[in-house]
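Before anything else, here's the structure in question.
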There are 2 protein chains.
Amino acid sequence: MLTERQKFILTLVIHEYTRTAAPVGSKNLVEQYNLEMSPATVRNEMAVLTDLGYLRQPHTSAGRVPTEEGYRYFVGRLLRETELPDATRRMISHQFYQTRHDIDEWMRLAASVLAHQARAASLVTAPHPERARLKHLELISTRGRQVLMVLVTAGGGIHQRLLTLPEPVQQEQLSETAARVTQLLQGKTADEVTQMRGQLHGLDEDVVDWVVEDMNQADSLTSGEVYLDGLTNVLAEPEFSASSEARRALRLLEERSLLYDLLSRTVLNANIGGVQVLIGGEGAWDELRQCSMVLARYGAPGVVTGTLGVLGPIRMSYGRAISTVRFIASLLSDMVAESLGD
Amino acid sequence: MLTERQKFILTLVIHEYTRTAAPVGSKNLVEQYNLEMSPATVRNEMAVLTDLGYLRQPHTSAGRVPTEEGYRYFVGRLLRETELPDATRRMISHQFYQTRHDIDEWMRLAASVLAHQARAASLVTAPHPERARLKHLELISTRGRQVLMVLVTAGGGIHQRLLTLPEPVQQEQLSETAARVTQLLQGKTADEVTQMRGQLHGLDEDVVDWVVEDMNQADSLTSGEVYLDGLTNVLAEPEFSASSEARRALRLLEERSLLYDLLSRTVLNANIGGVQVLIGGEGAWDELRQCSMVLARYGAPGVVTGTLGVLGPIRMSYGRAISTVRFIASLLSDMVAESLGD
DNA sequence: TTTAGCACTCTCAATATCAGAGTGCTAAAA
DNA sequence: TTTTAGCACTCTGATATTGAGAGTGCTAAA
């Protein structure tokens with residue numbers, strides 16, 4: 001158990017290190033923050049914190065740097081959660097409500113705001129149904145045997161696909177089929193639809209097959225866009241000027257399969273509203289050894305959910321990141337809820 | 001006018017420099033390529049090329065580095081266009097034809113293949129109608145007064161938007177309205193639609209207004225996604241290890257407004273099938289001073305077109321980049337043509 | 001016209017030096 | 001018992017020095 005003063009000093013060291021990215025020494029700390037104690041006292045406390053594994057010295061006779069353990073303690077126990085300033089929140093909300101009601105646009109905006117506010121790279125995944133349920137189906141003749149199938153799922157997801165029919169079909173007949181199938185399958189999941197095949201035949205049957213295929217695809221986690229922004233923010237950080245570390249981290253964001261793996265293993269079991277903090281890859285992701293992520297889910301629990309978060313250097317400002325992520329997540333949840341109808 | 005030998009040496013210098021990223025000296029060149037002449041001869045020729053502005057010396061008594069002018073000469077006159085190996089082309093085609101017929105998926109795949117083949121960052125913009133023409137309109141009730149409007153334009157573009165009506169309307173009535181409006185406006189551009197307002201009233205009128213708004217948005221160049229890939233490829237290049245240069249270049253790709261400006265000023269007046277090469281920003285784009293881009297348009301001329309290309313260091317392999325860009329552009333053109341019906 | 005020879009230049013890596021910042025310990029002060 | 005002043009010691013990072021290596025341009029011979 002740390003004394004109050006030790007907690008205080010740990011906080012200060014972390015704060016100072018986030019600011020300067022350089023090991024922080026006792027004398028410096030006392031001067032910077034006008035502490036009421038001598039550097040020697042600070043040194044003693046620092047020695048204790050070092051023994052406990054919360055700080056470490058890059059070399060004998062250098063200042064102290066927070067360890068990952070130190071950050072975890074800080075984030076878990078010392079960081080008092082703050083909210084974004086009222087003005088900022090209003091400004092951000094305003095931007096969202098000004099946007100056309102277009103999911104795509106929301107995602108982009110969310111990524112952009114996250115990146116700016118947290119001054120880090122940001123990622124946002126589109127809201128994703130727990131199990132896609134059909135809301136509406138449309139078949140649109142393009143030319144000859146080509147047909148564009150547009151599938152709307154509950155929650156507002158849209159999936160399109162170009163089909164080639166065995167023989168040309170009039171638009172009118174296509175519309176009828178679409179209407180019939182919509183009627184029949186509305187509100188059903190892919191699995192439920194699969195069970196009620198056999199009662200169908202001809203064009204309808206083929207269409208239903210395609211619908212199932214599309215909905216299964218929609219169900220798979222790896223579908224859908226990931227919106228990134230602010231990648232250059234993380235490149236600007238001094239610890240990434242060596243660039244090879246930066247590459248590894250950015251590759252994680254670029255390589256969708258890696259990213260999905262990460263998201264599915266961490267954030268999927270989190271609650272809506274809860275913010276998860278991943279410090280230094282938590283030993284599991286080598287690419288993130290130099291990075292931290294702050295992640296949250298948003299959406300309507302059990303219906304559609306998405307993930308969003310930021311990625312920055314370990315010495316990122318967790319306070320700012322967490323409050324931003326939390327706010328944007330709740331904002332997006334509201335937007336989604338509203339678009340579902342309320 | 002250069003002698004054949006000078007052209008040959010320029011080519012070799014460029015080749016060697018792309019390979020090693022270090023200034024290339026006469027002796028080294030002779031050894032590497034088993035030239036039938038002495039280093040002194042090569043030195044003399046290099047001196048001529050330097051006088052002509054095609055090579056330069058970073059410092060007295062260092063090897064030679066190609067200037068931008070040198071690259072331009074090379075790309076314009078010396079580079080004999082090659083095609084990707086047959087096997088590679090078949091493999092890539094195969095990947096495309098295996099994909100669901102989903103524009104989104106194609107774009108992603110194109111970006112990915114470009115990045116891999118050219119070993120550079122890639123960008124692909126979705127095909128964009130010269131002037132969007134309405135193909136189909138759908139109105140889908142979500143709940144209460146919320147209505148999802150789905151608008152399909154000729155060329156397969158899909159735009160969605162969430163509307164709030166003044167009062168609840170039944171799905172049935174919405175479908176009727178949608179069908180009516182589709183009937184009326186099919187094949188029309190936003191401008192043409194605007195001219196025929198006044199003949200309408202009630203819900204129809206509102207819907208038409210929204211359609212016009214959406215189609216105008218679709219017309220504006222800045223709409224639509226830009227697909228990026230392989231950003232980490234360019235970070236891996238030694239000239240960007242200093243990272244601040246890399247940041248500037250990547251910012252161009254991230255900041256959509258900058259990117260659109262670039263694309264609109266360069267590639268929009270290019271022909272389909274033509275590949276444009278931008279070397280060192282051509283003096284106009286400061287962010288690209290250290291970079292080159294190889295760009296092309298694809299699509300059906302006069303109907304829908306998109307842009308794609310790669311971004312790499314100035315010393316990228318232009319041969320590989322150009323042949324890849326050309327191939328993918330023609331492939332995407334085929335895909336688009338096919339999806340338009342043929 | 002080409003090439004061998006040579007003096008000269010410039011970079012880059014390795015090495016040495018040194019001020020500055022920080023530490024831990026001890027002993028005195030509170 | 002806790003805090004602090006003092007001090008010897010350590011390590012880094014900036015700066016300067018040096019020397020090998022690579023490359024050049026020029027001249028004169030082939």
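Lettering of chains follows the sequences in order, A, B, ..., and the numbering in each one begins at 1. Any value given below was found using the heavy atoms of this structure, including those in side chains, with hydrogens, waters and symmetry copies removed.
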Can you tell whether the side chains of A:Arg5 and A:Glu36 come within less than 4.0 Å, N to carboxylate O?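 Between A:Glu36 and A:Arg5 there is no salt bridge, as every charged N stays at least 4.0 Å from the carboxylate O atoms.
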B:Glu45 CD to D:dT24 P: how many Å, rounded?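 The distance from CD of B:Glu45 to P of D:dT24 comes to 13 Å, rounded to the nearest Å.
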Between B:Arg56 (CZ) and D:dT24 (P), how many Å, whole number?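 From B:Arg56 CZ to D:dT24 P: 14 Å.
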Between B:Lys7 and B:Glu45 (salt bridge meaning N to carboxylate O under 4.0 Å), is one present in this structure?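 Salt bridge flag = no for B:Glu45 with B:Lys7.
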Which nucleotide, in any strand shown, forms a Watson-Crick or G-U wobble pair with D:dG23, with both distances under 3.5 Å?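 Looking at the geometry, D:dG23 pairs with C:dC8.
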Could you tell me whether the phosphate oxygens of D:dC11, OP1 or OP2, come under 4.0 Å of any side-chain nitrogen or oxygen in A:Thr60?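 Yes.
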Closest approach to the side chain of B:Ser61, judged atom by atom: which nucleotide of D:dG25, D:dT24, C:dT3 is it?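 For the B:Ser61 side chain, the nearest candidate turns out to be D:dT24.
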Over how many whole Å does the gap from B:Glu31 atom CD to D:dG21 atom C1' extend?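 Taking atom C1' of D:dG21 as the reference, CD of B:Glu31 is at 13 Å.
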Base partner of D:dA28, which must satisfy Watson-Crick or wobble distances under 3.5 Å: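 When the pairing criteria are applied, C:dT3 turns out to be the nucleotide that pairs with D:dA28.
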Please state whether the phosphate of C:dT23, meaning OP1 or OP2, lies under 4.0 angstrom from any side-chain nitrogen or oxygen of A:Arg64.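 For C:dT23, OP1/OP2 do have a side-chain N/O of A:Arg64 under 4.0 Å.
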Is a donor from one side chain sitting under 3.5 angstrom from an acceptor on the other, for A:Gln6 and A:Tyr54?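 A:Tyr54 and A:Gln6 do not have a side-chain donor-acceptor pair below 3.5 Å.
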Would you kindly give the CD-to-C1' distance between A:Glu16 and C:dG22, to the nearest whole Å?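 Answer to the nearest Å: 15 Å.
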Please state how far atom NZ in B:Lys27 lies from atom P in C:dT2, giving the value in whole angstrom units.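 Whole-Å distance recorded here is 21 Å.
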Would you call B:Glu83 and B:Arg326 a salt bridge, using N to O less than 4.0 angstrom?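 Between B:Arg326 and B:Glu83 there is no salt bridge, as every charged N stays at least 4.0 Å from the carboxylate O atoms.
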Whichever of B:Ser38 and B:His59 has its nearest DNA chain C nucleotide further upstream toward 5':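 Upstream on the strand: B:Ser38.
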Round to a whole Å and report the spacing from CZ of A:Arg43 to P of D:dC7.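 To the nearest whole Å, that distance equals 14 Å.
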Take the protein atom CE of B:Met37 and the nucleotide atom C1' of C:dT1, then report the distance between them rounded to whole Å.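 That distance rounds to 13 Å.
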What does B:Asn44 touch in the nucleic acid at a heavy-atom separation under 4.0 angstrom: a base, only the sugar-phosphate, or nothing?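 If one applies the 4.0 Å heavy-atom cut-off, B:Asn44 turns out to touch a base.
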Just how far, in rounded Å, is P of D:dT3 from CE of A:Met46?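 Spelled out: CE on A:Met46 to P on D:dT3 is 16 Å.
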Give a yes/no answer on whether the side chain of A:Thr41 brings an N or O atom under 4.0 Å of OP1 or OP2 in D:dT4.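 Result: yes.
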With the threshold set at 4.0 Å, does a side-chain nitrogen-carboxylate oxygen contact exist between B:Glu254 and B:Arg251?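 Salt bridge: no.
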